[in-house]
Amino acid sequence: MQANAELHQSVLAKQKKRFGEEIARLQHAAELVKTVASRYDEYVSVKDLSDKINRALTAAKKDNDFIYHDRVPEVKDLEHIGKAALVKATVITPPISQKFTDLFEKMVPMAVQQSMSIYTQRKTETINRLVGTMREATNLCNGVLASLNLPAALEDLSGDSIPQSIAEKARSIVQLGGLQTIEQLIRDLPELLTRNREILDESLKMLDDEETTDNELRTKFNQRWNRTPSGDLYKPLRAEGANFRNILDKAVQADQVVKERYSTHCDMIALLCKPENELNAAIPSANPTKTLQGSEVVNVLRAQLAQLDEIKKERESLEGEVKAVTFDMSTTFLTALAQDGAINEEQLSLSQLDQLYGAYNQRVQTSLRMQEDLLGQVQTSHQEFSSLKQSNTETNQREEVLKKLASAHDSYVEISSNLREGTKFYNDLTEILLKFQNKCSDIVFARKTERDELLKELQQSIAREPSAPSFNVPAYQSTPAAPAAGPTPAPRTVFQPPQQAQQQPQAKPQPPARPPPPTVTPQAASTMPANAPATGPPSSNPPPVAPPTQAQGPPYPTYQGYPGYFQMPMGYNPYAAYGQYNMPNMPYMPYQGTPGQGGYPAAPPGGQPYPGYPQQPPQHQPYYPQQ
């Protein structure tokens, strides 16, 4: 990095005509690059930078030697490379963003928040009451004028042309979209209603399913299921869901009223949507009443109708002013809370609402009284006007059609407004129901997590409980016994000699001395015939005794051998009756076969005893005959 800085600084020195400084910096940069290459060549490649510095250094030396002859200063004499200001600090002027909103600006105490909520509700009710009163008065005025066929009756003095007011109403309906717009809005309402119902039903279904599961587990575990019942916990949510369902039911009824009204005026609205020539042909013609065109009654009616139009326009502007009124009651509530420690919301809200909307309420009442007076005057003038007109069947039919057309226009405007408000209502309600669904989903998920944890604890507690009450174990089962690898064998009888039975050694006895082997002459062994009968044994050996005909005791007796010697159970030996006598308490003696017998180890040479074993006397022959 320092070499790069020196390289860039040399370019700057060249631009300032400091050629000696340029060479000095390039030389220093070359030394730095060499240091990097010698120390960190394995990690950093500086070949390109080194070539670039060397080329610049060679060119700078050549130009300085031939042209400039500038002195090359020492590296220590060069000016230190300063720091470059890459950014500039600016003063922070809040708010930083134009769309910045302070999250804590509207934070108020809970009492103030609750009072604000009630005040907002009161304000909304006041606005709706004023607006609703003005709209009802306007609809009443339009209905009365339509029933009197005004102002069409004053314009239809020729009897064969379209009145100007009817023509204007027809053009306004076409501009608003005609029948297609109304029908499209009507078709959209059921879809919006179905969507809202599905969201509400799904939300309540989640609560029902969780409550059913909770009741089943409560029935199963009884007192162990000690958490709050879902039915008690979901009461606020169910009340809110019932309120939403009631709202949807009322909306369905309102939609049905609008559809019925549209069906009543559908034909006349369709007639107003037709071209002017078709509309003129559909209106019956009547005898002209041009004699009434300049009469005083007609002029009075026109003046009265103009005053009614002014009243209706004033109401439209007054409605906008009522909706635009705003006032922040939080300051008033905070002041009351700080002074009195409590908030009298009803008194403060009503006084403030009377102050804000009192003047508008008076203007609305004045407008209603003026309209009532004017309508009475219009009805009186219309009676005089009707008495002057020639009454016949054609005139009555034409007047009836014109009344229906005027009423159809007013109904179209009202139906269109109602349908748009209904569409907006359903869309806004969808957002509210989605929030309600998220609330239900969150609490159901939390209850499911709590249920799983409680089930886990119950399972562990059930597993730790004893399966049966404690009882006393018999005494003969209390002595622990060593585990056996296989089935327990039958008890064995141990035969002991009388001397050992009477005298049990207290300590480990020493083994007895081994008796010396008997001596046998080779001549006697070789001259004895093979089938000669055995002679009596020497005095040192006991006389032979025949083997017992039946085993005494259990099948696998144990024999007392040398102390410390453990014998394994002996298997069945078919030759036991023909070999050595298996007497109890006799030391183990291996079977001594005759010389030359097959299947046994070969005998030693004649005259030599078996090494390590006592020699049998020659006259003691085995019972098994030799082959």
Side-chain angles (χ1 to χ4, degrees), residues 124 127-143 145-146 165-202 243-276 278-279 282 312-313 315-317 319-320 322-323 401 403-437:
T124 304
I127 293 174
N128 293 337
R129 178 172 53 81
L130 292 175
V131 173
T133 302
M134 289 188 289
R135 289 183 179 180
E136 289 178 2
T138 302
N139 292 334
L140 176 62
C141 179
N142 293 334
L145 294 180
S165 61
I166 299 298
E168 291 178 357
K169 291 177 180 179
R171 286 193 292 270
S172 66
I173 288 178
V174 173
Q175 292 176 358
L176 292 175
L179 285 177
Q180 291 80 7
T181 303
I182 295 290
E183 292 176 354
Q184 182 62 38
L185 291 173
I186 292 176
R187 285 193 298 268
D188 292 343
L189 288 180
E191 297 180 1
L192 298 175
L193 175 64
T194 303
R195 181 180 62 185
N196 290 331
R197 283 193 182 279
E198 289 177 354
I199 295 174
L200 181 59
D201 293 341
E202 182 65 25
N243 185 28
F244 287 138
R245 193 174 295 280
N246 188 22
I247 291 174
L248 287 176
D249 294 339
K250 292 182 179 179
V252 171
Q253 297 176 1
D255 294 343
Q256 187 63 29
V257 173
V258 172
K259 291 179 182 178
E260 292 177 356
R261 188 170 183 179
Y262 172 73
S263 301
T264 303
H265 300 278
C266 179
D267 297 335
M268 291 294 107
I269 295 174
L271 185 59
L272 288 173
C273 294
K274 291 182 179 181
E276 187 173 352
E278 296 182 8
L279 178 60
K312 289 189 287 186
K313 290 180 181 179
R315 285 175 183 166
E316 292 178 359
S317 62
E319 181 178 343
V322 169
K323 292 181 178 179
V401 172
K403 289 180 182 179
K404 290 182 179 179
L405 290 175
S407 178
H409 171 266
D410 297 337
S411 298
Y412 178 87
V413 174
E414 186 176 358
I415 290 171
S416 178
S417 176
N418 292 338
L419 290 175
R420 286 187 173 86
E421 289 179 358
T423 302
K424 183 178 182 300
F425 163 76
Y426 283 125
N427 291 330
D428 295 343
L429 185 61
T430 300
E431 297 180 1
I432 298 174
L433 289 176
L434 287 175
K435 293 179 180 179
F436 176 73
Q437 185 182 30

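The structure displayed is predicted, hence computed values, not measured ones. The analysis underlying the following values was restricted to heavy atoms, covering all of them including side chains, and did not include hydrogens, waters or symmetry mates.
Between the Thr430 side chain and the Tyr426 main chain, a donor and an acceptor come within less than 3.5 Å of each other. A donor-acceptor pair under 3.5 Å is formed between the side chain of Thr194 and the backbone N or O of Pro190. Side-chain N or O atoms of Ser416 include none that pairs as donor or acceptor with a backbone N or O of Tyr412 at under 3.5 Å. No donor-acceptor distance shorter than 3.5 angstrom exists from the side chain of Ser411 to the backbone of Ala408, with no hydrogens or angles considered.
Residues satisfying the side chain to side chain donor-acceptor pair (under 3.5 Å) criterion with Asp410, sequence neighbours excluded, are absent altogether. Under the side chain to side chain donor-acceptor pair (under 3.5 Å) criterion, Asn128 pairs with no residue, sequence neighbours left out.
In Glu183, the CD atom is crowded: over 12 heavy atoms of neighbouring residues, nucleotides or ligands sit closer than 6.0 Å. Surrounding NZ of Lys312 are more than 12 heavy atoms belonging to other residues, nucleotides or ligands, all under 6.0 Å away.
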> Can you list the steps and then say if Leu434 with Gln437 is a side chain to side chain contact (heavy atoms under 4.5 Å, CB included)?
Replying inline: CA-CA 5 Å; Leu434 287 175; Gln437 185 182 30; 3.7 Å; yes
> salt bridge (Lys or Arg N to Asp or Glu O under 4.0 Å) between Glu319 and Arg135: does it pass, once the steps are laid out?
Replying inline: CA-CA 9 Å; Glu319 181 178 343; Arg135 289 183 179 180; 2.7 Å; yes
> For Asp249 and Gln253, what are the C-alpha separation, side-chain angles and deciding distance, and is it a side-chain hydrogen bond (donor to acceptor under 3.5 Å, both in side chains)?
Replying inline: CA-CA 6 Å; Asp249 294 339; Gln253 297 176 1; over 6 Å; no
> Which is it for Glu136 and Asn139 under the side chain to side chain contact (heavy atoms under 4.5 Å, CB included) test, yes or no, and what are the steps along the way?
Replying inline: CA-CA 5 Å; Glu136 289 178 2; Asn139 292 334; 5.6 Å; no
>> As a quick check of understanding, evaluate side chain to side chain contact (heavy atoms under 4.5 Å, CB included) for Asn418 and Glu414, giving each step before the final call.
In response: CA-CA 6 Å; Asn418 292 338; Glu414 186 176 358; 3.6 Å; yes
> Given the rule in the side chain to side chain contact (heavy atoms under 4.5 Å, CB included) test, do Phe244 and Ile432 qualify, once you have shown the distances and angles that lead to the verdict?
Replying inline: CA-CA 10 Å; Phe244 287 138; Ile432 298 174; 3.6 Å; yes
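Between Asp201 and Arg245 there is a salt bridge, with a side-chain nitrogen of the basic residue lying less than 4.0 Å from a carboxylate oxygen of the acidic one.
The minimum heavy-atom distance between Leu193 and Leu248, with the atom names listed, is CD1-CD2, 4.0 Å. A pairwise comparison of heavy atoms in Ala270 and Leu179 identifies CB-CD1, 3.4 Å as the closest pair. The two residues Leu185 and Thr423 come nearest to each other via the heavy atoms CD2-OG1, 4.1 Å. Listed here is the closest heavy atom pair of Leu419 and Ile182: CD1-O, 3.8 Å. Of all heavy-atom pairs between Lys403 and Ala146, the closest is CG-O, 3.2 Å. Between Ile173 and Cys273, the shortest heavy-atom contact is CG2-SG, 3.6 Å.
Checked by atom type, the side-chain pair Asn427/Glu431 shows no donor-acceptor distance below 3.5 Å.
A distance of 11.5 Å separates OG of Ser407 from CG of Leu145, quoted to the nearest 0.5 Å. With values rounded to the nearest 0.5 angstrom, Arg197 atom CZ is found 8.0 Å from Leu200 atom CG. Between the NZ atom in Lys404 and the CE atom in Met268 there is a gap of 6.0 Å [rounded to 0.5 Å]. Rounding to the nearest 0.5 angstrom, the gap separating the CG atom in Asp428 from the CD atom in Glu421 is 11.5 Å. Rounded to the nearest 0.5 Å, atoms CD1 (Ile166) and NZ (Lys169) are 5.0 Å apart. Put simply, CD1 on Ile186 and OG on Ser263 are 7.0 Å apart, with the number rounded to the nearest 0.5 Å.
Between Phe425 and Leu192 the shortest side-chain heavy-atom distance does not fall below 4.5 Å. Under the 4.5 Å side-chain criterion, counting only non-hydrogen atoms from C-beta, Asn142 is not in contact with His409.
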